[in-house]
Each structure stands twice: as C-alpha cells, then as structure tokens.
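To keep things clear, I will list the structure first and then write my remarks on it.
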Amino acid sequence: MLWSRAFIPTLRDDPADAEAVSHRLLVRGGFIRRLMAGSWSMLPLGMRVAKKIQDIIREEIDAIGGQEMLLPVVHPAEIWKKTGRWDDVEGILVKLKDRRDADMLLAMTHEEIFTTVATELTSYRQLPQLWYHLQTKFRDEPRPKGGLLRVREFTMKDSYSFDIDPAGLDVQFQRHYEAYGRIFARLGMDAIPVHASSGWMGGKESVEFMVEAAAGEDEIAFCPSCRYAANTEKATSTLPTVTDPTADAAPQRFPTPGIRTIAALAGFADFAAADRQIKTLVYMIAGQPALLLLRGDHELMEQKAIDGLGTWDVRPAHDEEIVAALGAHAGSLGAVGVSGVRIVADPALHGRCGMVTGANEDDWHLRDVSVERDIAVDTWLDLRLVAAGEGCPVCGEPLEVKRTIEVGHIFKLGTKFSEALGAAVLDEQGEQRVIWMGSYGIGVGRNLATVVEASHDDKGIVWPTSIAPYEVVVTVVKGDDAPSVAAAEHIYSALQEGGIDTLLDDRDERPGVKFADAELIGIPYRVTIGPRGLAEGVVEVVRRRDGTVESLDPDAAVAHLMETVRRERTLGK
RNA sequence: CGGGACGUGGCGCAGUUUGGCAGCGCGCAUCGUUCGGGACGAUGAGGUCGGAGGUUCAAAUCCUCUCGCCCCGACCA
C-alpha cells in the first residue's frame, strides 16, 4: 500500500474527550472514529488489526474442533421468552417491532439461537459439537466508555459446546481454557484466568481472562507466589486471627452523640477500633429488609450477596426503610436483639466478642457484644471485599489487588438453555438426554484496545507483529531523490512479493512527520531510506518496540525483515 | 439511574463574567524557499457558535426547554 493513497487520518493533537490511552491512540492514529456513544467505525487501519485478531481466534478455535457459522443479529422475542431472558435482562436488551408488530430484539449474545440450531441434534453419536461465529452484538450499556473498551455495538467471537454429559462439557471447557491462553499470548498479552461471577449467563462455573491495565474496570485478587487469582466479586482471603478480651459482660449501652461513622466511633473510644466494630448494613433483598453484618474495617462486595442469596433483587435500603426496620438511622444501627429481619453475617465475625455496634437508637451504641450470644444470625455468608495484603486462601502469602480488563469469559452453562428450548438427544439406551452446554466469548474490539493499553509508549502504539496493521513501513526520507525512490520501490516490492504487509511512505512530507506518524500507528519495523545511507550503500532497519537500528544493504534488509517478520508473526511479539 | 463537566470551521481552544463586525494555533489548497525527527514566507478556502423558543435596537454571550457527548459511582466481551 502506498501511504499517499491510503486513508490514514492521523491527528496531531489528542482528541479532547479521550481519557484511556487506547482511546486516545486509536483515534489519533486514524484506526477508529466515533459515530455515537458506544458505536465506532473501524477505519482501514483498525479493520486490518481487527481482521488479524479474528484470524488468530479462528485458527485457535478451529484447532480445538470449532465449526464456524453465522447466526442472525435480529431475533424473534419468542425464543428469548422461552429462556426467560426477554424479561430478565431488561435494560441493556434492545427490543423492537417489525411491520407486523411482532416483538423482536437485537442480539446481545447468541445462546438462544445456537441452542435452537442444536435442537436438530438427535443422537448421542453426533456429540460432542463445537460451533462458533464472529458476529455483532448490541447491548445498550448504561455507560459506554474508553473508546473501544466498553461499547454498545461490538463484534464478538462466541462459541458454544454441546455434550452428552457434564464430563464432556468439562473437556470442552478445558480445551477453551487452553485455546484462550494461546490466543491472548499470540496477541501479546499476559492474561490471567480468574474465577468469576457468572452474571446473567446464569451458569455454574465461569472463568474470566483478565489483563492488567490502568483503564480496567475490574479488580482481581492475585497471588504472586502461587498464582491464585479471582475476581474480587468472588475472591476470598485469610485474615490474622484476632484475640478478643474474654467478655462475660452483657452488652451495655453508651452514648455516642453525633457519631455516625466507623472511623468516628474508632476515634471516640479506645475499645472501639474498627476491627472490633460490627458494621450493620440494611439492604432490601427481594423486597424484604435484611441486615448484612461485616467487621467494621471490612467492605461489602455486593455481588457476593447477590450470588450467595440467589437473587438479583438486592439494593441498599432507603432511609425510611431503615427506620421502619430498626427504629434508628444509619450510623447507630445494630443487630443485637433484632428479630423478624433476616440477618446475614460475614464469617470474619464468627466467634467474636467484646464488640461494638449500634444500639438502634440514634446516638447510642452497645459494647461488649458477643456475636454468637447476642445476635440471631440466620445465614453466614462471605460478603467481604478482599483487600491487598491479606493472605492468599491457597498459600497464605500476601495478595495483590490489580485493576484489569476482561478480555474473555468462558462459562459452563449446564442445561439451562437446552432444557428451555428442548435440545436433547437419545443416548445408547434410547433415553432422552438434555444436552450440556458451554459458552465462550471474546470481544474483538476490546482485545484490540487492550493490546494498545498493554503495549504503547509516549510516541504511540507498539503493535506486536502478529496483529500489526502493516508489518513494515518503508520510509523515503527525500521524496525527490531518484536513487532513494528507486531503492524504496525495490525494497517495497520485494517485501510485498515475500508476503510481508508493507506500507510505502511516499508522501511529500518532511521526514519528521513521516517518522512520527509511523511511530504513532505502531508499525513494528521501519526501513528508512535516504541519500545519506545510500551513499554508503545501506538502508536503516528500525525496530519500533525498542528503537534499535541496523544498517544493512537493501537486499540484506529485505532478507532480514522477511525472516524476522515471519518468525515474529506467530509469537506475541 | 445518581453526581460533575462540556458543546464555537477537520483537530485543539479563546471569546460567555459585563450582549455590540466570530477569533487564534494546527490542519487543508496554491505558489516559492526548504527537506535525516512534527520547517518558513505569501495568498486563500472553510463556521446555521449543538437545536428550538424567548428577552432585546442588537444574542456565541441573558432566560426557558431540548438534544448530544465526556468523566466519576451501580452493570459486562
């Protein structure tokens, strides 16, 4: 490709509304342009990268037996009503009507439709199956952000496995786990697999693949010594054992005028350190008030309550609801002597005594509370958000908490969809068996952006050769110097014929502009051709990722690049 | 959905407080001089100031409504 003919609208300045690095660089580099919030056009450069990412995904999914298909983006409501998701995922699901007034929706994922296709499976002999497609999804996200990192319309590779039994599902799940590892490695990313909450996919077990990045939206707990890793939605940790003063004393009230927070109370009385307080949160769970109890210095992870209590209908109670339930305002609440309201307590409170908590009367607290003795706990449930420095639940070493981007997610769905839609086969005994399913997603655009988050410098993007829009850019320093032009064209066509994706910068621009643009768009190798080098019979080969320069004669440069690029293509470098 | 900010040529911004000819830098076009790290000079094109309504002799500026968009918190590939 001649740069002078290419549509690569680079920007000298950062777009004002771009915050995330990838957002900034992809817009500046002319890879993408925004149409509306959460919808982006892929320009030629962006499309070339996206295609290469898709090819890598195809290769790896094909390698574990995947068969590519293409399913529709607009679905009839009927099928989604059968699985219950027409009503369950209200909000991000876009619903529409056709001319006959029939209810339809924009695909936010494709479990329903793949399962519908799978109803044609009739015999255990046809299993296992592994199907996938690369298709548009639309989710009306409440808050798109960060360029391609969180959008409403996007392309996702989603695959679906179909097996006769859970053991078969385990095998396909494991194969995806490994294939995903290879995919992210080839994209040049260090992805950490973590146990996750399954959200509205409703599966039993799921693993997210996370890449560390400042622009990330998720936090994971990670153990550097044994590599335990889990989303903080699920992560657990060990705590140093606390020894309480043996307290035979009964709870006693004490006045705490104006004290409303854990911190204030800790500063108010020396026996009320944060880890000796009981934090009492009032939540509405499925419409009923409930008390969630945590140690004073611990934070609630709401998702754990949602998962553990088995309902999505979980929210903090409003002031009126709190007063109605306990007779006092937030800041003076406690669970001592409370009955008729469900009490859920975090295990960190187990066996604790000599504790301080609210008295359910404004400006009064209780001390010498013994959890076991004084509080009628209905349910013990891990509710606590893991903090950095706490012990790894596996090996006990201190945990790190990292900010990450979710680049892939694999689910064991079980039989939820096959049951609802009637996907079943006959087994060897002639018995009907519902199919066991798994579902496995990778967002193409998000991965593209995440690579940029993970691989850039102050000059621009540093693409790994495996997905670079062009592998080599041939830069002519002096456009009106005949020998330079001849050498450039020679090298350019030799590389092209050798199957290297090459861009020839033949623009009538000053060298500084050409260098800056090449670096901004992140081409892994640049061949610089100018009269200065040519006088000595050499051109320069510059490596983007570290700036190293090699002076070679033109044919040696071609041979060197062919060898290097071909080798690096298959690696995540 | 709650909180904050913003909307003025392609990009980045000033002008709004205190109403009075719509400006600057970059980019773009033409010509000339330049040419190994974002050159210089000259000339020029390009804007319903997000939209609607209102106040006024006069609105980018004041008022009302509305749309869009970004950032921070609850959701996901």
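Chain letters run A, B, ... following the sequence lines, proteins first, then strands; residues in each count from 1.
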Residue A:Glu302, side-chain heavy atoms: nucleotide from B:C76, B:A74, B:C35 that is nearest:
B:A74
Given side chains that start at C-beta, do those of A:Arg85 and A:Phe417 come closer than 4.5 Å, heavy atoms only?
yes
Quick note, salt bridge (Lys or Arg N to Asp or Glu O under 4.0 Å) partners involving residues 185-194 of chain A, not counting sequence neighbours, are A:Glu59-A:Arg186, A:Glu60-A:Arg186
What's the closest nucleotide to the A:Arg28 side chain, out of B:G38, B:C76, B:G37?
B:G38
Can you check the distance between B:G19 and B:U61, where both ends of the measurement are the P atom (answer in whole Å)?
12 Å
Taking the six-membered ring for Trp and the full ring for Phe, Tyr or His, determine whether the centres of A:His133 and A:Phe114 are under 6.0 Å apart.
yes
Tell me whether the side-chain N/O atoms of A:Arg143 come closer than 4.0 Å to OP1 or OP2 in B:C70.
no
Under-4.0 Å side-chain N/O to phosphate OP1/OP2 contact, A:Lys145 with B:C72:
yes
From C-beta outward on A:Pro531, which listed nucleotide comes closest to its side chain: B:A77, B:G36, B:G38?
B:G36
Between A:Thr404 and A:Glu212, do the side chains contain a donor N or O and an acceptor N or O under 3.5 Å apart?
no
Categorize A:Asp158 for me: base, sugar-phosphate, or nothing, with a 4.0 angstrom heavy-atom threshold over every strand shown.
nothing
With a 4.0 Å cut-off on heavy atoms, is A:Gly530 in touch with a base, just the backbone sugar-phosphate, or nothing at all?
base
Go through B:C28, B:A74, B:C35 for me and flag the one nearest to the A:Asp480 side chain.
B:C35
By nearest atom, which of the nucleotides B:G36, B:C35, B:G12 is closest to the A:Glu540 side chain?
B:G36
Between A:Arg139 and B:C76, does any side-chain N or O lie under 4.0 Å from OP1 or OP2?
no
Among B:G12, B:C76, B:A74, the one nearest A:Asp218 by side-chain distance
B:C76
Is A:Pro15 touching bases, backbone alone, or none of the nucleic acid, heavy atoms closer than 4.0 Å?
sugar-phosphate
Residue-phosphate contact under 4.0 Å: A:Arg12 side-chain N/O, B:G38 OP1/OP2:
no
Under 4.0 angstrom, heavy atoms only, what part of the nucleic acid is A:Glu519 near: base, sugar-phosphate, or nothing?
base
Consider only side-chain N and O atoms of A:Ser22 and A:Glu453, and report whether a donor and an acceptor are under 3.5 Å apart.
yes
Answer with base, sugar-phosphate or nothing: what part of the nucleic acid does A:Gly479 contact at a heavy-atom distance below 4.0 Å?
nothing
How would you label the contact of A:Gly146 with the nucleic acid (heavy atoms, under 4.0 Å): base, sugar-phosphate, or nothing?
sugar-phosphate
Give A:Thr528 one of three labels, base, sugar-phosphate or nothing, depending on what nucleic acid heavy atoms sit under 4.0 Å from its own.
base
Should A:Phe154 be counted as stacked on B:A77, where stacking needs a ring-centre gap under 5.5 Å and an angle between planes under 30 degrees?
yes
Reckon A:Val407 touches a base, only the sugar-phosphate, or nothing at all at heavy-atom distances under 4.0 Å?
sugar-phosphate
At under 4.0 Å between heavy atoms, what does A:Arg526 touch on the DNA or RNA strands: base, sugar-phosphate, or nothing?
base
Would you classify A:Ala16 as touching base, sugar-phosphate or nothing, given that sugar-phosphate means primed atoms plus P, OP1 and OP2, and contacts are heavy atoms under 4.0 Å?
sugar-phosphate
Name the closest nucleotide to the A:Arg34 side chain, picking from B:G37, B:A77, B:C70.
B:C70
Centre of A:Tyr470's six-membered ring, under 6.0 Å away, within 45 degrees of the axis: is that where NZ or CZ of A:Arg48 sits?
yes
